[in-house]
Structure formats: C-alpha cells, structure tokens
Protein chains: 2
Amino acid sequence: MWISGTSQYAIRAVVHVAVHGEDAPVRVGPIAEALDVPRNYLSKTLHVLAREGVLKSGRGPRGGFQLAVPAGKLSLARVTAPFEDVAKRHCLLGRAHCGGVHTCAAHARWEDVSKSLQAYFATTMIADLLGEARDAAAIPVPPPRPRATARRPCVRRN
Amino acid sequence: MWISGTSQYAIRAVVHVAVHGEDAPVRVGPIAEALDVPRNYLSKTLHVLAREGVLKSGRGPRGGFQLAVPAGKLSLARVTAPFEDVAKRHCLLGRAHCGGVHTCAAHARWEDVSKSLQAYFATTMIADLLGEARDAAAIPVPPPRPRATARRPCVRRN
DNA sequence: GATATTTATCATATGCACATGATAAACACA
DNA sequence: TGTGTTTATCATGTGCATATGATAAATATC
C-alpha cells in the first residue's frame, strides 16, 4: 500500500469532517461508524491531527472535531505527515541518501516518479476530494475485512 | 516505504546475483553478507524467486543461485510481485475498485500518478540497475539499523 | 455544584512482517 | 558408499502498526 492504514483513516476522517462539520463539531462516534473504523483508534488519530493544527477539537457536550484549516488549503501531505516517515521514501532501496554513489538511469527515472508522487500529496487538497459524491470517502472500504484468515505472505496458493 | 522490506532484499539480491553469478552460481551466505541481510530469511526469499522462475537454484557443492532470465528482460515488477499485493495499490484509500462511485479530479490525477509508478516497475529492468558502480545495490543500506530504539510512531519528538 | 457528555490518555492485546535456529533433503566428489 | 556442502523446510521468536477497553479530564447545561 502506498500510505499506511492510519493515514487512510486520517484522510477519510478529515474529508468526513469537512463535509459534515461546517455548522457544528462532529463527534468521533458518528465518524467511526460512518467510516467503519475502530472508534478509540480513530480518536487517537484525530487527537494527533488536532495537536498538529489540522483539526480543532473540543470536549464535553457540543464537543467534537472541526477543520482548523479551510479544506481548500489543506493538503493530503499535511494530513498524512504525522503518520508517515517521508525520509524513507527517497530511495527505491530504502537508503536515505542515494544519488551519490550510483546514479544510474533507473535512479534518475525513479527520482522523477518519486517526485511526482510527493507533488501529488503536496498539491492535492482535501477540497479536491469533495467531488460529486460529497462523502464518498466515508464509504466503508470494501470487502468486510477478511481478517485472521491464514493468508500466506503473498505467494500464490499452489 | 513504497515497497516492502522483503521486496528491497529481493531486488538487491537479484542485482547481486546478476553481477556475480555469470560464471558460477552464487551462494546465499556471501549474498547475505554483502547485503547485510539475515541469511535464512534471504534464503527463503530467494527460494520464492526460484519457485517463481526468476532465479535458478541448485543444492550441494556447486549449488547456489543464478538468474533464470537475462537481466535485460527481468523487470522490477517481476522480482517484487511475489512480495507485494498490487491489488491494494489502485485506490488511494485502499479500495480495490474506486473509479465507479466517485470520480473526482483528485482521483483522476491519482490514477495518473499510480499508473506511472506501475509503469516504472514494469519497464525498469534489473540491467538498468547495473550502472556505474556495478554492485551499488549490494551496498548495505545506511545507518546500521537503529533497531529496538523506542521510536514514537512518527510524530515529532516534542 | 451536580450531572451528563465528550475528548484525552493510559495500559494492554492482537496480527503480521520480519527474523532466527534447527533439521531435512539434494547434490558433488572422492 | 560416505562425507561435506548447500538449499529447502519447519518451528518458533520478535517488534511494530493496529486495535481494544477502561479511566481521567474538560466542558455545557441545569
């Protein structure tokens, strides 16, 4: 997967808040339910986003979460940043610094691809995800999570 | 990280075999040592590649691994395929099928980026990694793996 | 202030990718 | 045929992302 599961939760939750939180704050419960995501885990994730200044949070009755930044100025990169280690993404083979030693054609091309990925996250705004179906990101991700079903690492089954 | 650690091992090992295995098979021991990668784990990884027809393997004295496909015709995609679940990579939010419901601008752009990534892996050949420093991929990945050092998930340290 | 409601935080569990160690099976060669 | 070398396979362990459940702290309303 390109981004971690937590980052996906974060994006989808922020989109949900952007859509439903214009008037009043949105509480964790309904968000977790709408996204089909573990409630307490989402709570922690949203807390991190609040701490990072992406969301505003409030406790007690009338509490909940709202955007701290307008959806049009909130990049995906900013939402996922707290949950991703971008440093590891520059070299295909996991090196932090890579260009130096071997600058073969493959690595030059990889730089291009890598940069275009980073650019996507940096320039795509939450508002860009609020297309036609305004809460599409709230649609629970597909097959009801076939978990704990002994899945051999990846290799084809015989 | 864009690809799993095991996939990185696989690429680096295959590159090593491509460089050092033209005359005689290369044994796991030296490969693991050169790459600074756990030996038995690499053994299992290479075995999978052999089963998938990427490598040829032989046991006993004179045993070891050699390419089963010329380096110029062996794509990165083919090397990493057994260790990656490509199905999960099509949608930014982890959905298998995504275009249908909401086809906002962001998703169209994501398709582009995603496709260019896949194209990179499909069209880049092992031979393309054998640039200047012919065994650059054999250089042990950087900082001696600071492991077991309580690293808080990602968030900045205070 | 008392109470209900909500986020914040803590302590702990689970599952999977990654890793380790030991043994079995194949092969080369004397 | 026997012996040493190497991959193949099995059984098990470890660490981290993900998840769970309980409790604390803040806020609104009466």
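Below, chain A is the first sequence line, B the second, and so on; all start at residue 1. Here the structure is a predicted model, which is why all the values come from computation and not from measurement.
Under 4.0 angstrom from either OP1 or OP2 of D:dA8 there lies no side-chain N or O belonging to B:Ser43. An OP1 or OP2 oxygen of C:dC18 is reached within less than 4.0 angstrom by no side-chain nitrogen or oxygen of B:Tyr9. Taking side-chain N and O atoms only, A:His47 has no distance below 4.0 Å to OP1 or OP2 of C:dT7. For A:Thr6, a side-chain nitrogen or oxygen approaches OP1 or OP2 of D:dT18 to under 4.0 Å.
Each of A:Ser7 and B:Ala50 lies near DNA chain D, and the nucleotide nearest B:Ala50 is the one positioned closer to the 5' end.
Look at CG on A:Leu35: it is 12 Å from P on D:dA19, rounded to the nearest Å. One interatomic measurement links the two molecules: CD1 of A:Ile3 to P of D:dT18, which rounds to 11 Å at whole-angstrom precision. Whole-Å rounding puts the B:Ile31 CD1 to D:dT6 C1' distance at 12 Å. Rounded to an integer number of Å, the gap from CZ of A:Arg27 to P of C:dA8 is 14 Å. When rounded to the nearest whole Å, the span between CG of B:Leu55 and P of D:dT6 equals 18 Å. Here D:dT27 presents its C1' atom at 15 Å from CD of A:Gln66, a figure rounded to the nearest Å. Between B:Leu42 atom CG and C:dG21 atom P there is a gap of 16 Å when expressed in whole angstrom units. At whole-Å resolution of the value, CZ in A:Phe65 and P in D:dT27 are 14 Å apart.
Residues A:Tyr9 and A:Ser4 bring no donor and acceptor atom of their side chains to less than 3.5 Å of each other. Looking only at atom types and distance, the side chain of B:Thr123 has a donor-acceptor partner in the side chain of A:Arg109 under 3.5 Å away.
Set against C:dT7, C:dC18, D:dT7, the side chain of B:Ser57 has D:dT7 as its closest nucleotide. Closest contact between the side chain of B:Lys44 and the listed nucleotides C:dT7, D:dA11, D:dT7 involves D:dA11.
With values rounded to the nearest 0.5 angstrom, B:His16 atom NE2 is found 12.5 Å from B:Phe65 atom CZ. Distance NE2/B:His20 to CZ/B:Arg27: 12.5 Å, rounded to 0.5 Å. The distance from the OG1 atom of A:Thr124 to the CH2 atom of B:Trp110 is 9.0 Å, given to the nearest 0.5 Å.
When every heavy atom of B:Glu52 is checked against every heavy atom of B:Arg78, the shortest pair comes out as O-NH2, 4.0 Å.
Within 4.0 Å of B:Gly64, counting heavy atoms only, lie sugar-phosphate atoms of the nucleic acid but no base atom.
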At under 4.0 Å between heavy atoms, which parts of nucleotides 22-30 of chain C does protein reach? Answer with one letter per nucleotide, 5' to 3': B base, S sugar-phosphate only, - none. B--BBBSS-
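Contact of the A:Ile31 side chain with the A:Arg12 side chain is not registered, since no non-hydrogen atoms from C-beta on lie closer than 4.5 Å.
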